[in-house]
Amino acid sequence: MKEIPTRYDHTTEPVTYDEWEKSGQFSPKGKGEPFSMIMPPPNVTGDLHLGHGLTYAVHDTIARYQRRLGKDVLILPGADHAAIAVQALVEKKVQKEQGMSRTQLGKEKFLEEVWKWIEYYMPRMKVSLRRFGLSADWTKFRFTMDEHSQNAVQTAFIELYKKDLIYRGNYLVNWDPKLQTAISDDEVVYQEVPGKLYWIKYGPITLATVRPETKFGDTAIAVHPEDHRYIKYVGTEIEVTLATGEKKKIPVVADEAVDPEFGTGAVKVTPAHDPADFEIAKRHNLPAIEVIDQYGKLTAVAGEFAGLKASDAREIVAKKLEEMGLLEKTEDYAIRQPISERSGAVIEPRLSTQWFMKTTELKKEALAAVRSGKITFFPKSIEKTYEHWLSNLHDWCISRQLWWGHEIPAYYDESGKIYVAESLDAAQKLAGATAKLTKDPDVLDTWFSSGLWPFSTLGWPNAEAPDLKRYFPTSLLETGTDILFFWVARMIILSLALQKDVPFKQVYFHGLILDEDGKKMSKSKGNVLDPLILIDKYGADAFRMSVIGGNSVGQPQRYSEQKIIKYRNFVTKVWNAARFVAITADNTKPVKPTKLDRTETEFCQKLERLTQNNQKFFTNYQLGVALEELYEFFWHEFADKLIEYEKKVIQETTDVERAKEAKAFLSWALQEQLPLLSDFAPFLVDRIKKEMFQ
RNA sequence: GGGCAGUUAGCUCAGCUGGUAGAGCAUCUCGUUUACACCGAGAGGGUCAGAGGUUCGAGUCCUCUACUGCCCACCA
């Protein structure tokens with residue numbers, strides 16, 4: 001009899017993983033039907049949360065299932081440079097350790113610090129990723145800032161520029177005064193804060209506004225075209241008195257965007273600081289006057305108020321207007337304030353010269369790709385969200401005033417003319433030898449490089465790269481709904497633009513993990529669970545099953561340690577059932593006996609059904625259901641019923657052959673279930689095989 | 001304001017194309033120390049959010065309502 005402990009020892013997992021990796025079994029063989037997944041690259045910010053754990057658990061479970069079916073599986077791992085996030089972290093670190101700001105340190109030194117950060121965190125992150133048991137091909141690991149990625153990004157930019165899909169222009173952007181950069185619409189979140197609605201006299205017209213401090217930048221008053229109250233003013237100019245006492249004339253325009261029901265039905269138009277006003281101004285050819293600068297302070301046009309922070313200026317200006325008899329009344333009002341998701345600063349819509357990507361044509365193609373079924377979403381309901389977002393998509397601001405990130409391959413001569421080229425030399429050729437060129441100082445939005453990820457990782461822009469030819473378009477993208485717009489939609493757009501094909505055929509959106517009370521987990525709430533600590537305590541298999549089990553496609557799930565305990569117990573159960581089979585049926589070859597009694601036949605039928613369902617559930621990405629059924633079957637059908645039944649048979653029968661057959665049947669039944677289990681619990685099954693059946 | 005989900009046992013959740021409800025945890029009873037107490041046998045517990053409709057028959061399809069969550073939006 002073998003000496004087998006009654007507990008599965010999960011501390012051997014890293015060793016097992018090492019063996020797997022060294023054996024090369026995670027690398028695709030290049031034979032069979034390809035099945036590829038590009039792993040969502042985690043940010044190199046130092047920590048992995050439960051959401052990452054879920055992502056990798058699902059990735060790996062699907063990959064192992066596909067391998068079991070005989071597919072040529074590739075999981076390509078990577079990491080993201082996370083421009084804004086990492087820059088902010090390194091800035092904090094430099095400030096703390098050297099007492100210097102980024103600007104004091106200088107760009108070159110600062111970037112050295114960033115690379116030090118990357119060099120420190122990258123290896124740690126890779127070690128962490130391996131703890132999940134992720135069967136990724138590490139030889140193909142890619143970082144969004146490695147040389148190949150940089151080249152891909154530069155090439156993409158140049159190609160898109162040549163195709164006239166990228167342009168530079170002075171438009172209203174979301175300005176983050178804290179980070180001193182523009183950010184995209186999707187990086188802005190809104191918060192309701194108590195504020196006031198100010199009713200201000202503009203000559204004969206009174207209008208309501210929440211931002212009296214921007215009055216200096218008003219270049220029109222807008223009313224609805226059918227509003228009879230104001231029709232007589234439309235087309236005329238009205239003299240307006242500013243808080244500085246200065247008087248100026250501004251036109252009254254008619255625009256559909258104005259809601260006659262709100263306030264007085266008249267609205268001030270401040271094109272430089274309000275997206276809606278900016279649009280009105282475009283339609284009526286109105287000038288834009290900058291009232292707020294890049295630091296969020298009032299500019300010279302505000303006269304005596306110049307230099308005040310916009311938020312402070314509000315009440316001061318209003319008070320002055322009141323003294324001047326221009327403030328009719330105020331009322332309490334909930335303001336919807338735009339906040340930078342990155343820094344928490346109040347966003348100031350501001351005119352700025354930036355690079356943009358045109359989306360008008362591409363979004364149609366991106367819509368068609370999903371509508372036509374070239375890309376399938378799981379769950380399907382996400383398609384509506386996707387459609388809605390795309391149809392409302394504006395051009396995408398892709399430049400950022402940061403230091404850490406992909407450089408923009410654009411050069412300017414003294415007259416400001418743009419030369420887009422891969423190097424200074426190449427630009428110089430375009431501009432002529434005498435031109436004095438300067439490089440664009442900005443970097444690209446992180447999501448621009450992430451958007452190229454499904455093909456840049458496979459060798460693009462080299463169209464002949466073997467991996468690109470074999471594994472693109474990828475089979476499946478597995479991710480969370482939180483980055484549907486940031487990432488999923490952008491990959492589709494950029495892939496259609498540059499590869500003329502979809503980046504993936506299926507997208508599986510797993511649901512968000514919430515805490516016990518159904519609240520989002522966040523560091524600030526202090527309700528986060530560290531997946532690596534859970535793995536240390538209970539093992540990777542239990543962890544993987546705990547995030548997959550009881551989770552269904554796209555549905556949020558509440559998570560607590562109780563769940564992982566359930567699966568840790570399951571791991572022990574499987575271990576002990578296998579142990580029993582190994583001990584009693586030690587030398588039996590796992591061949592299905594030919595003679596079966598009724599109980600055994602019934603078991604076979606149930607097992608057959610389980611296998612069929614398993615495949616069906618995986619096809620629909622109902623991993624939670626697949627796991628639950630397996631759990632039920634193994635524990636209650638196999639362990640509780642079949643093992644107990646055969647145990648009795650073995651004890652009671654006098655027929656030696658019958659006892660042998662019972663043992664053989666048990667052994668066979670176990671071996672049939674182990675492959676199914678190994679999708680979810682690869683470490684456990686590996687150990688069972690090695691310790692008990694070798 | 002619009003869109004999308006969800007509302008099933010005390011708790012966490014399953015329940016595909018309709019046929020009078022399931023699991024895990026928790027509770028209670030009993031058992032077992034030669035696979036496993038991270039165990040076994042069993043029990044209690046649900047008018048499937050509410051109302052209406054389709055149907056021989058509805059958690060399961062339709063409509064409306066309520067509550068919860070998520071996403072989007074230029075009502076200043």
Side-chain angles (χ1 to χ4, degrees), chain A residues 1 4-8 172 185-186 189-190 197-198 200 207-212 214 218 221-222 224 255 257-270 273-280 333 335-336 338 349 379-394 481-482 484-485 511-512 514 516-520 538 542 549-560 562-563 565-585 613 616-617 620 622 624-625 627-629 631-632 635-636 639-641 643-644 647 666 692:
Chain A
M1 214 192 263
I4 304 170
T6 59
R7 291 278 184 282
Y8 161 71
L172 203 68
D185 293 348
D186 302 282
V189 291
Y190 291 88
L197 196 55
Y198 302 85
I200 300 172
L207 54 79
T209 179
V210 295
R211 301 200 69 179
T214 60
D218 293 347
I221 292 170
H224 193 271
D255 198 286
V258 180
D259 176 5
E261 304 291 319
F262 186 88
T264 62
V267 58
K268 70 200 228 20
V269 181
T270 324
H273 299 288
D274 185 283
D277 294 2
F278 183 75
E279 292 300 320
I280 293 176
Y333 190 75
I335 301 175
R336 216 171 130 261
K380 202 170 166 44
S381 60
I382 302 280
E383 287 178 13
K384 287 197 177 169
T385 316
Y386 171 81
E387 290 208 4
H388 185 251
W389 180 80
L390 268 182
S391 39
N392 290 310
L393 181 64
H394 301 294
T481 48
D482 50 334
L484 169 64
F485 307 138
L512 198 65
L514 306 170
E516 281 177 278
D517 304 318
K519 297 259 162 54
K520 246 186 184 170
Y538 300 103
N551 182 19
S552 62
V553 188
Q555 284 306 111
Q557 67 163 321
R558 295 183 182 201
Y559 192 87
S560 68
Q562 210 184 57
K563 277 195 174 167
I565 290 171
K566 166 182 170 179
Y567 289 102
R568 191 273 321 268
N569 293 352
F570 180 54
V571 165
T572 309
K573 186 71 190 181
V574 173
W575 177 262
N576 280 292
R579 176 171 176 267
F580 175 78
V581 173
I583 290 168
T584 54
N613 284 346
K616 193 181 82 193
F617 293 141
N620 299 325
Q622 293 173 281
V625 185
L627 173 59
E628 282 305 299
E629 203 178 275
Y631 176 104
E632 289 299 313
W635 201 312
H636 303 300
D640 290 347
K641 295 210 180 87
I643 291 185
E644 292 308 316
K647 204 192 272 180
L666 275 184
M692 305 179 193

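Proteins come first, then strands; the chains are lettered A, B, ... in the order of their sequence lines, and each starts at number 1. Keep in mind that what you see is a predicted model, and the values were worked out from it rather than measured.
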| query | Closest to the A/Gln622 side chain: B/G15, B/G40, B/A35? | reply | B/G15
| B/G22 P sits how many Å from A/His636 NE2, rounded? | 15 Å
| request: Answer yes if the ring centres of A/Tyr538 and A/Tyr567 are under 6.0 angstrom apart, and no otherwise. | output: no
| request: Calculate the interatomic distance between A/Leu393 atom CG and B/C71 atom P; express it in whole Å. | output: 18 Å
| message | Quick one, A/Leu484 with A/Trp389, criterion side chain to side chain contact (heavy atoms under 4.5 Å, CB included). Give me CA distance, side-chain angles, the key distance, then yes/no. | response | CA-CA 10 Å; A/Leu484 169 64; A/Trp389 180 80; over 6 Å; no
| remark: The answer to which of A/Lys384 and A/Glu644 contacts RNA chain B further toward the 5' end, by nearest nucleotide, is A/Lys384
| With both distances under 3.5 angstrom, what nucleotide forms a Watson-Crick or G-U wobble pair with B/G31? | B/C39
| For A/Met692 and B/C36, what is the distance between atoms CE and P respectively, to the nearest whole Å? | 12 Å
| Separation of B/A76 C1' from A/Phe262 CZ (nearest whole Å) | 6 Å
| query | Which base, if any, makes a Watson-Crick or G-U wobble pair with B/G6, both distances under 3.5 Å? | reply | B/C67
| Euclidean distance, atom OH of residue A/Tyr567 to atom C1' of B/U12 [Å, nearest integer] | 11 Å
| request: Measure from the side chain of A/Arg579, starting at C-beta and using heavy atoms only, and say which of B/G24, B/U12, B/A35 lies closest. | output: B/A35
| field | Interatomic distance where CG belongs to A/Asp255 and P belongs to B/A76 [whole Å] | value | 16 Å
| request: By nearest nucleotide on RNA chain B, pick out whichever of A/Ala578 and A/Lys563 is the more 5' one. | output: A/Lys563
| said: Distance check needed: B/C16 C1' versus A/Lys616 NZ, whole Å only. | reply: 6 Å
| query | Does any N or O donor sit under 3.5 Å from an N or O acceptor when you compare the side chain of A/Lys573 with the base of B/C38? | reply | no
| message | Can you confirm whether A/Phe617 sits close enough to A/Leu627 that some side-chain heavy atom of one is under 4.5 Å from a side-chain heavy atom of the other? | response | no
| query | Side chain of A/Lys563, backbone of A/Arg558: donor and acceptor closer than 3.5 Å? | reply | yes
| said: Nearest whole Å is fine: how far is B/C75 P from A/Lys268 NZ? | reply: 16 Å
| query | Going by an N to O cut-off under 4.0 Å, is there a salt bridge joining A/Lys384 and A/Glu387? | reply | no
| message | Would you say A/Tyr333 places a side-chain N or O within less than 4.0 Å of OP1 or OP2 belonging to B/A76? | response | yes
| Selected nucleotide, minimal atom distance to A/Asp640 side chain, candidates B/A76, B/G40, B/U12 | B/G40
